[in-house]
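Here is the structure we will look at, set down as structure tokens.
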Amino acid sequence: MLLQENTLDFQEENTVFADVIVPVAVPNLFTYRVPRDFAQHIRVGARVIVQFGKSKVVTAVIARLHHQPPQKYQAKYILELLDDAPLVTPQQIELFQWIADYYMCHVGEVLNVALPSGLKISSLSKVQFNPEFDRPELLTEREVVIIEELKKHQSLTYDELARFADVKNVYHLIKALVQKQAIIVFEEVKEKYTPKIIRKVRLNHFYEEAGYLTALLGELEKTPKQLEVILQYLRYVPVLRTPALNGKGLEKSTLTKAEISDSSLNTLLKNGILEQFDVIVSRFEEDVDFVEAPTPELSEAQKRALTEIMQSFEEKDTVLLHGITGSGKTEVYINLIEQVLAGGSQVLYLLPEIALTTQIVVRLRKVFGDKMGIYHSKFSDNERVEVWKGVISGKFQFVIGVRSAVFLPFDNLGLIIVDEEHETSYKQFDPAPRYHARDVAVVIAHKQKAKVLLGSATPAIETYYNALTGRYGLVTMKQRFGDAQLPDIRLIDVKSARKNKQAKGDFSTMMLDAIRLNFEQKEQTILFQNRRGYSPYIQCDDCDTIVSCPNCDVSLTYHYREQELRCHYCGYHESMHRTCQACGSVKLRTRGYGTEKIEEELQLLFPEAKIARMDLDTTRTKTAFQTLINEVEKGAVDILVGTQMVSKGLDFEKVSLVCIFDADKMINFPDFRATEKAFQMLTQVAGRAGRRSIRGNVLIQTNNTKQPILQQIIDGDYEGMYAQEIAERETFRYPPFTRLIKIIVKHTDDAAADKVAKDLSIKLIEKLSAARVLGPERPLVERIRNQFIYEIMIKLEKNLPLKAVKNYISEQIETISVGKEYKGCSIIVDVDCG
Ligand code: ADP
Ligand code: ZN
Ligand code: ZN
């Protein structure tokens, strides 16, 4: 950025002003004065600490440097400059602005979501000692005191640190300690991360030399117990064969477990033969070895797909790879990534949150080693910061990540892969920006002249439409890798099964027989039911009352293990009732089946089987999900009951039967995307069956076997489903023929919410016409957290001037928001709502 030296105001002659993006939901950039000390070094894209509001201190990013003081307020000084080199690229600032405009929010909100909290020092920050820090010689005397204090605590808040340090400029201190990597900054997150540290031991470097090691072993003949420790170590870490392995060492607990006397181990440590060190393990990657391995030879089908993709890229910027489950898309991606990296460009590989598992990471690590960065929301702030900085420094030319990885500071992308591009979790709902990572990826690629490869077995209707109409290229893979067969899918009519007494509860005898047979053959079964808890509601047999949430308009779900009734919308919970609170009857009945009830009933029916459950409740902690996957892989689970979590990208060798407990709820969900979603979900779940040598079986329970979509799922007839769906979308003017903007109005007072929504819709209809503005309507759940909800849906033809329409909508919302009569209401805008 050039400073316009000649147009300076006389008084402000040498003062530099900076317009910064504050990570807050306000419309404008803010202008601050740059202290003289920083003026030489300050750059657009650097982070600064500023005071915002009376008492808040935040990290902002410089968007513009100039010499004009603000007209309307007195500019404050920047408190601290955090970076000498930009941490946010000009392309990113442009992108953030684009996202704010397109998704109708403020650029500060985009920045807030984009920057990992480890890069945002604020008055809400906490700091902790970085256990990996090993250069105490870098610290000043004062810093040593601070570090010693930090070591005594898990963490300190910004205020506590300021008080203890007793310095005026505490950010300066934090900055210095962060730069020396002595501390970690983080924000309090709901699920608190504490780095897991394991204590390891290794042989002193010296003994990596075979001669010295042999000599040592001879020496230790005199002390057999110590010799035993070393031999035990060498059993795990073959130092003689591969000396380099010694560097990684061995978990201390492994050695102590092996009936080894602690005192011998301690003597060896004391004598410097063994040495002890700590490593922080990322929860996500435990036990992953980095042995690089060559990429497997591609099959003919994969080679053909690869060639077609490359050809297609000559003409199109975005290509859809439509490959059925198990067709081997991942290997195609890997090949492509290697080529792009070899050409010197960066690659981003996006995956939905729950599909980004150790399974895929291990596979990619084998090829890309530690050149690959992983960006996952379950990672600590610090790890995310490392990836961010690694992208800037060039350490990571390739990143695999979840939706928020689109915010990383790439400046030279050659390729973005969006795997499972149909996944709705690519769309962020809360907080703003309510962006769709796939669509943002296409925009980034366009700006950086990169290519986008969208991959799916069941593409989104919009994407397939774009492919068929020529906007995107289209490449298909219709065979499974290694000619593995697609599963045999059958429907079970539960209605007639129940009528003919061929059912236990909602389990048809056919399904139970199949599970038994599979169990007896020592094969694994997945049972899918997209509803967690024990039963979705509790009803009184006498007066029919259903227990509902006091804060939301929804029934409470019964959770058996905790003996609790819970609201899945607001988190409210109460103890299970013994009697009906309306009539006092004791005949309270659980209704419907959640995963917990299915698990319980199956356990009664198959007492010998090992049954596990995979849903939000069993995977709350970081490791639980991964542990469960490992258990299934090891064969320690016979039947896995789960919600949609089981459908994503898991590749289990021995799962040969998939049972879908209830297909109808999904299909009949009142939403224009219900058919599409049901097809995707059921096809993905079915795809877990029989992925390798054996053909899998899939059983689907339904009350109506005649529904066309079920036949399409059985036939793997994506095109048939698409043809039917696209015709309906056209008739009823839904995407891809229109764009949808949903406006959600909330208020604790129902009448007030209703009035705001009605007044807003009248305003919107004035310019946009009643044909384009639907509602306001109450959504399925009318009240959440005591807020009454109304929704207005705006359908816009593709050829309308989007920008002008959005401006109009924003103006109307703003007018309403400032109106006194509308106090207390909140209005959310969701562009391209899910
Ligand atoms: P998709 O992602 O298309 O559902 P995957 O990429 O998971 O399919 O591949 C299906 C299976 O085939 C995996 O177990 C994978 O290891 C295997 N596979 C795919 N391509 C190859 C190859 N070229 N050589 C060996 N195994 C392969
Ligand atoms: Zn009752
Ligand atoms: Zn609730």
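Each ligand, and each atom within it, is numbered from 1 in the order the structure gives.
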Output the list of atoms in ligand 1 that are nearer than 4.0 Å to some heavy atom of [X], sorted by atom number.
| X | result |
| --- | --- |
| Ile324 | 3 (O) |
| Glu331 | 19 (C), 20 (N), 21 (C) |
| Glu297 | 22 (C), 23 (N), 24 (N) |

Gly323 heavy atom under 4.0 Å from ligand 1: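 The answer is no: ligand 1 sits nowhere under 4.0 Å from a heavy atom of Gly323.
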Apex the Zn ion (ligand 2) - arms SG from Cys540 and SG from Cys543 - angle rounded to 10°: 110°
Expected output: side-chain Ser555 to main-chain Pro536 donor-acceptor under 3.5 Å: yes
Side-chain (Gln539) to main-chain (Asp544) donor-acceptor, under 3.5 angstrom: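 Yes; at least one donor-acceptor contact below 3.5 Å.
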Contact summary for Ala757 and Tyr790, nearest pair of heavy atoms: CB-CB, 3.7 Å
Ile789 CD1 to Ile784 CD1 distance, which is reported to the nearest 0.5 Å: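 Nearest 0.5 Å value for the CD1-CD1 distance: 4.0 Å.
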Closest to atom 16 (O) of ligand 1 (judged by heavy-atom distance), picking from Lys303, Gln684, Arg363: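 Of the listed residues, Arg363 has the closest heavy atom.
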Gly326 N/O under 3.5 Å from ligand 1 N/O: yes
Sub-3.5 Å N/O-N/O distance, Thr325 and ligand 1: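 No.
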Under 3.5 Å side-chain donor-acceptor pair for Thr325 and Arg480: yes
Phe661-Tyr593 aromatic ring centre distance below 6.0 Å: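 Centroid separation for Phe661 and Tyr593: below 6.0 Å.
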Metal-centred angle, the Zn ion (ligand 3) as apex - SG of Cys567, SG of Cys549, 10° resolution: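 Computed angle, vertex at the Zn ion (ligand 3), rounded to 10 degrees: 110°.
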Angle subtended at the Zn ion (ligand 3) by SG of Cys552 and SG of Cys570, nearest 10°: 100°
Side chain, backbone, both or neither: Met477 near ligand 1, heavy atoms under 4.0 Å: neither
For ligand 1, the portion of Gln302 having any non-hydrogen atom under 4.0 Å away: side chain
His559 and His568: CA distance, side-chain angles, deciding distance, ring-ring contact (aromatic ring centres under 6.0 Å, His included) verdict: CA-CA 11 Å; His559 286 253; His568 288 179; 5.2 Å; yes
Side-chain heavy-atom pair Arg613, Arg532 within 4.5 angstrom cut-off: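 Contact flag for Arg613/Arg532 side chains = no.
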